Structures are given as C-alpha cells and as structure tokens.
S.K.: 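The structure follows.
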Amino acid sequence: MVDRRVFRFQWAILLYLFMILSSSLSCYRGVLSFTHTFTTIINTSSSSSSSRRKRQFSSCKLNRQTSCLSSTNTDSIGTSTSTIQEEHVDIAIVGAGIGGLCAGAILNTLYKKKVGIYEAHYHAGGCAHAFNYTIKDKREGGKLTFTFDSGPTIVLGCSRKPYNPLRQVLNAVGLSEEVEWIPYNSWGMIEYPQTEKELRWKVELGPKLFEEGPLVQFGGDEARKEFNELRQITKELVNGAIEIPAMAMRCGDLAIIPLLRYLPALIGLIQQGEEATQGTFKPYIDGPKYVVRNEWLRSWLDALAFSLSGLPASRTSAAAMAYVLYDMHREGAALDYPRGGLGAVINALVKGVEQGDHGSRVYLGQNVRSIDTTPDGKSVIGLSLQNGMNIIAKEGVICNAS
C-alpha cells in the first residue's frame, strides 16, 4: 500500500510537467485542451455493463447526429462506418486533443493496448487542429487550397534538445520523422498598430539578446535588473522540467520508482511545494516571492502569458511562465513550426494511436453522454455515447475533455 501523500505528490509532478508542455505549445487565443483540464485516469473493474450507473458528462452537439462510429485512418482523417452497438476496448479516452492523442499513442504503441478515443468534433486535435479552405483560382487549375491552424502558433523544444514532452512522445512511438520542424529565432511585435504611435520591434531568442535589446530600450535599466532577478528566482521551478522527462512519469503504486534516477531534481521539486509547482505566477510578480514594478516589463510578461494561456501573467501557471523565461533566453534557443502546420503533428499522433494490429482507433463526431460506473460509484466501467453506443473499457477510462 503506497502512502497517500506519495501518490498525491506523484500526480502533482505530473500536472507540473503538463503545465510545462503548455508553455512549449502555446496558443494565441485558446489553449491546449489538456493544459487546463488535467487528464484523469480512472481505474475500471470487471463489472458487467448491465450494472451501470451513469455519470453525466457535458458534450458539445454536432449539427447532425451519427448512428454509428466514425473512425479515422492512418493516412488521412477520413471516416468509416460500423453498425456495432457495443464496443470493447482496453482503454477508453474522452477527447482527441493533444493530451488524449499522446496518451492513446503511448498505450497503443508501447503497451499494446486496444484504445478507443472518442471526440465530439469532426477534426482530431482539439484546440490544435488544422483545417483546409478551398477557393476558385484560374491560375491553379481551377482551385487553390489553404491550410489554417486553429490554435497553437508558438512551439518550443521540438527541433533540438532539450526536447519538450510532445517531441518525447513522438520519439517514443517511433514517429518523430513524420513531422519536419522548421526552426526560427525571432518574431515581430507591433504596438499601437495603424496609429501615430505605431512601434515595431523584434523578439530574438538566445542569451542577452532580449535583455540588451528591447528590454533595456523600452523598459530601461530597472526593467533589465528586475527581469534577471525574476529569472533567477524562478530557476528552481524550471530545473525539474529540464531534468525529469515526461516519459519518466508512470501511474500506479510503483510510479515513484522511475523518478528515483532523477532524485536531485525530484528533491528540488519537493522543496518548491505544491503551491509553487501548481500555482499561478502572481506571487512572482505581485509578491510575496517577488514584485515586478517596471511597467513595461509587466506589460511584456502579460503579453507573453497571453500567448500561453489567454490570461494575464498573474493568472497563468507559474511553471509555464518560468519555463518560457528560461527556454527563450538559453543558448541554442529556437522556435519551431511544423511543415504543414499543427495538423501534421495531429496526423502523426493519430497514426501513433492506430498503428499496429491492436484495433485502436480515433472516433470523430462522437459525443460522450456519460462516464459509466458500477452501482456504488467506486469503479468506472466505460462510456455511453450520445448515439446509443456503449463502450466497455476493460482497464480504464482517461478523461481528457475540456
């Protein structure tokens, strides 16, 4: 029997590393589905489906109802149909965002489990999906197709080490070559656009480039001093994410064992406490840990936070903010963009879920009506879909819904 405090701490570290991934894959407006809703793993029992109790689960409805499962394939996100009214899987996953797809790819490829992922949208990827739009164009044989990303616009840690958790997953399931990453080292900023006060400047990645450039230019020496002090104070928050790979995380009674090889970093995280690793950045800009007084620096931190979470810095994860402040200004720092957009990453993860002969699939257009439990509510046994389909999950349910 594992001490409850140890079990709770293991999940605290896992949540911390998920927050770090949110900083590696940031969004302009929305955020990744599994960043804000912690992925919940629920154990199942061998109880029969006839003794189900429903736990109501909110889902967004499609314009048209489906009467059968709609599955993707490994080449493109298309559909195939079936009339089966009951499906048996080892693991059922609610939501095909990046979190659900990563979990499904690992379970299918490394653990040889039959996985079913059930997604209400007609695209996989959650907030990170891509879509095409075609227009008429005489110059291109009658039509021209554009691909749009719906979500993440800034990606860190995929083209070179230290790899972020997303790249670690792609490596682990043997699909890192499916995505071509294009590195770049700066992006442009525009303040007060189309006014007399319009100001354009560039954010360059790497040591000292930001501090000696726009930071001191617009914020002055005070801003530079506070920025460097802030990075130093938040350094301990970053060490765990750098040294403990996300793939070292496990669930279950023995989850702590793979982490022992990273003992110094683990001790550092323990010393930080749950509030620091899971809390917001507010204590680091408004006190008591540190107070940022320079107005320009505070505005910049809010702009940076908005790209991560759509929220101001005071309401954004401290772990995510600390990691970005480290990663953008380290030696060899680079931004990454996948050729073909984030849809290329999603297609690779879908392939990871469906590769092999285990029968794993990503099902699109499938609203989950309820997570089903035993009559006493102590064990989860599967899912009920809006179209009447029952999903029997032999080993567990992962809820990755937003």
Side-chain angles (χ1 to χ4, degrees), residues 10-22 24-25 31-44 57 71-72 74 77 87 89-121 123-129 152 163-176 178-179 244-252 255 258 342 345-356 358-364 366 368 371 380 382-383 391 393-402:
Q10 292 163 2
W11 284 108
I13 296 174
L14 186 57
L15 177 56
Y16 167 75
L17 291 174
F18 277 166
M19 288 176 174
I20 292 300
L21 179 53
S22 78
S24 302
L25 274 167
V31 291
L32 301 184
S33 57
F34 79 115
T35 300
H36 277 208
T37 304
F38 181 53
T39 300
T40 306
I41 301 177
I42 311 169
N43 291 329
T44 63
F57 185 83
S71 170
T72 67
T74 57
I77 300 181
E87 175 76 9
V89 298
D90 294 323
I91 307 288
I93 298 176
V94 183
I98 284 185
L101 291 174
C102 284
I106 291 170
L107 288 166
N108 173 71
T109 306
L110 302 185
Y111 292 91
K112 314 303 181 187
K113 301 296 183 182
K114 181 180 179 181
V115 177
I117 301 182
Y118 305 92
E119 167 61 46
H121 202 352
H123 286 298
C127 290
H129 74 266
Y163 291 137
N164 71 18
L166 174 62
R167 177 61 192 268
Q168 291 175 37
V169 170
L170 290 172
N171 289 349
V173 299
L175 294 173
S176 59
E178 293 285 318
V179 183
I244 303 177
M247 292 300 294
M249 301 304 303
R250 299 290 187 275
C251 63
L342 262 294
V345 177
I346 300 307
N347 287 341
L349 290 173
V350 169
K351 185 174 182 178
V353 174
E354 299 188 340
Q355 65 187 348
H358 314 302
S360 298
R361 291 291 180 268
V362 178
Y363 298 100
L364 304 178
Q366 300 302 317
V368 175
I371 297 176
V380 168
L383 306 172
I391 309 300
K394 183 171 67 174
E395 298 183 34
V397 168
I398 297 178
C399 181
N400 185 55
S402 55

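The shown structure was predicted, so the numbers you read here are calculated from the model rather than taken from an experiment. No hydrogens, no waters, no symmetry mates; every other heavy atom, side chains included, goes into these values.
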S.K.: So, taking the atom named CG in N347 and the one named CG in L342, what distance separates them when rounded to the nearest 0.5 Å?
M.R.: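 With rounding to 0.5 Å, CG (N347) is 11.0 Å from CG (L342).
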
S.K.: Could you go step by step and tell me if V397 and L383 meet the side chain to side chain contact (heavy atoms under 4.5 Å, CB included) rule?
M.R.: CA-CA 8 Å; V397 168; L383 306 172; 4.1 Å; yes

S.K.: Give the ring-plane orientation class for H121 versus H129, where under 30° counts as parallel, over 60° as perpendicular and anything between as tilted.
M.R.: perpendicular

S.K.: Please determine whether salt bridge (Lys or Arg N to Asp or Glu O under 4.0 Å) holds for the pair E395 and K114, giving the CA-CA distance in whole Å, both sets of side-chain angles, and the decisive distance to 0.1 Å.
M.R.: CA-CA 10 Å; E395 298 183 34; K114 181 180 179 181; over 6 Å; no

S.K.: What are the two closest non-hydrogen atoms of N171 and S176, and how far apart are they?
M.R.: OD1-CB, 3.0 Å

S.K.: According to side chain to side chain donor-acceptor pair (under 3.5 Å), does anything in residues 91-105 pair up with another residue at least two apart or in another chain? List the pairs.
M.R.: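 Every candidate side chain to side chain donor-acceptor pair (under 3.5 Å) pair involving residues 91-105 fails, so no pair, neighbours aside, qualifies.
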
S.K.: For residues 96-109, tabulate all N or O donor-acceptor pairs below 3.5 Å that involve a side-chain atom, not counting sequence neighbours.
M.R.:
unit_1	atom_1	unit_2	atom_2	d
N108	OD1	S360	OG	2.9
N108	ND2	G352	O	3.0
N108	ND2	V353	O	3.0
N108	ND2	Q355	O	2.8
T109	OG1	A105	O	2.9
T109	OG1	G352	O	3.0
T109	OG1	Q355	NE2	2.8

S.K.: How close do A172 and L110 get, counting heavy atoms only, and between which atoms?
M.R.: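 Nearest pair, atom of A172 first, then L110: O-CD2, 3.4 Å.
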
S.K.: Closest heavy-atom contact between G125 and I346?
M.R.: CA-CD1, 3.7 Å

S.K.: I'd like to know whether K113 forms a side chain to side chain contact (heavy atoms under 4.5 Å, CB included) with H358, so could you lay out the CA-CA distance, the side-chain angles of the two residues, the decisive distance to 0.1 Å, and finally the verdict.
M.R.: CA-CA 6 Å; K113 301 296 183 182; H358 314 302; over 6 Å; no

S.K.: Mind checking the CD1-CD1 spacing from I398 to I93? Nearest 0.5 Å is all I need.
M.R.: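 Here the rounded value is 4.5 Å.
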
S.K.: Could you give me the CA-CA distance, side-chain angles and deciding distance for Y118 and R361, then say whether side chain to side chain contact (heavy atoms under 4.5 Å, CB included) is met?
M.R.: CA-CA 9 Å; Y118 305 92; R361 291 291 180 268; over 6 Å; no

S.K.: Hey, does V89 have a side-chain heavy atom less than 4.5 Å from the side chain of K394?
M.R.: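 Sidechains of V89 and K394: no contact.
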
S.K.: Which side chain to side chain donor-acceptor pair (under 3.5 Å) pairs, counting each pair once, include a residue from residues 93-105, with sequence neighbours left out?
M.R.: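 As it turns out, there is no side chain to side chain donor-acceptor pair (under 3.5 Å) pair with a partner in residues 93-105 once direct neighbours are skipped.
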
S.K.: Do Q366 and E119 have side-chain heavy atoms sitting under 4.5 Å apart?
M.R.: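 When only atoms from C-beta onward are counted, E119 and Q366 do not touch, as no gap falls below 4.5 Å.
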
S.K.: If you take all heavy atoms of A124 and V350, which pair is closest and at what distance?
M.R.: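 It is CB-CG2, 4.0 Å.
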
S.K.: Run the side chain to side chain contact (heavy atoms under 4.5 Å, CB included) test on E354 and V362 for me, step by step, so that the C-alpha distance in whole Å, both residues' side-chain angles and the decisive distance to 0.1 Å come before the verdict.
M.R.: CA-CA 7 Å; E354 299 188 340; V362 178; 3.9 Å; yes

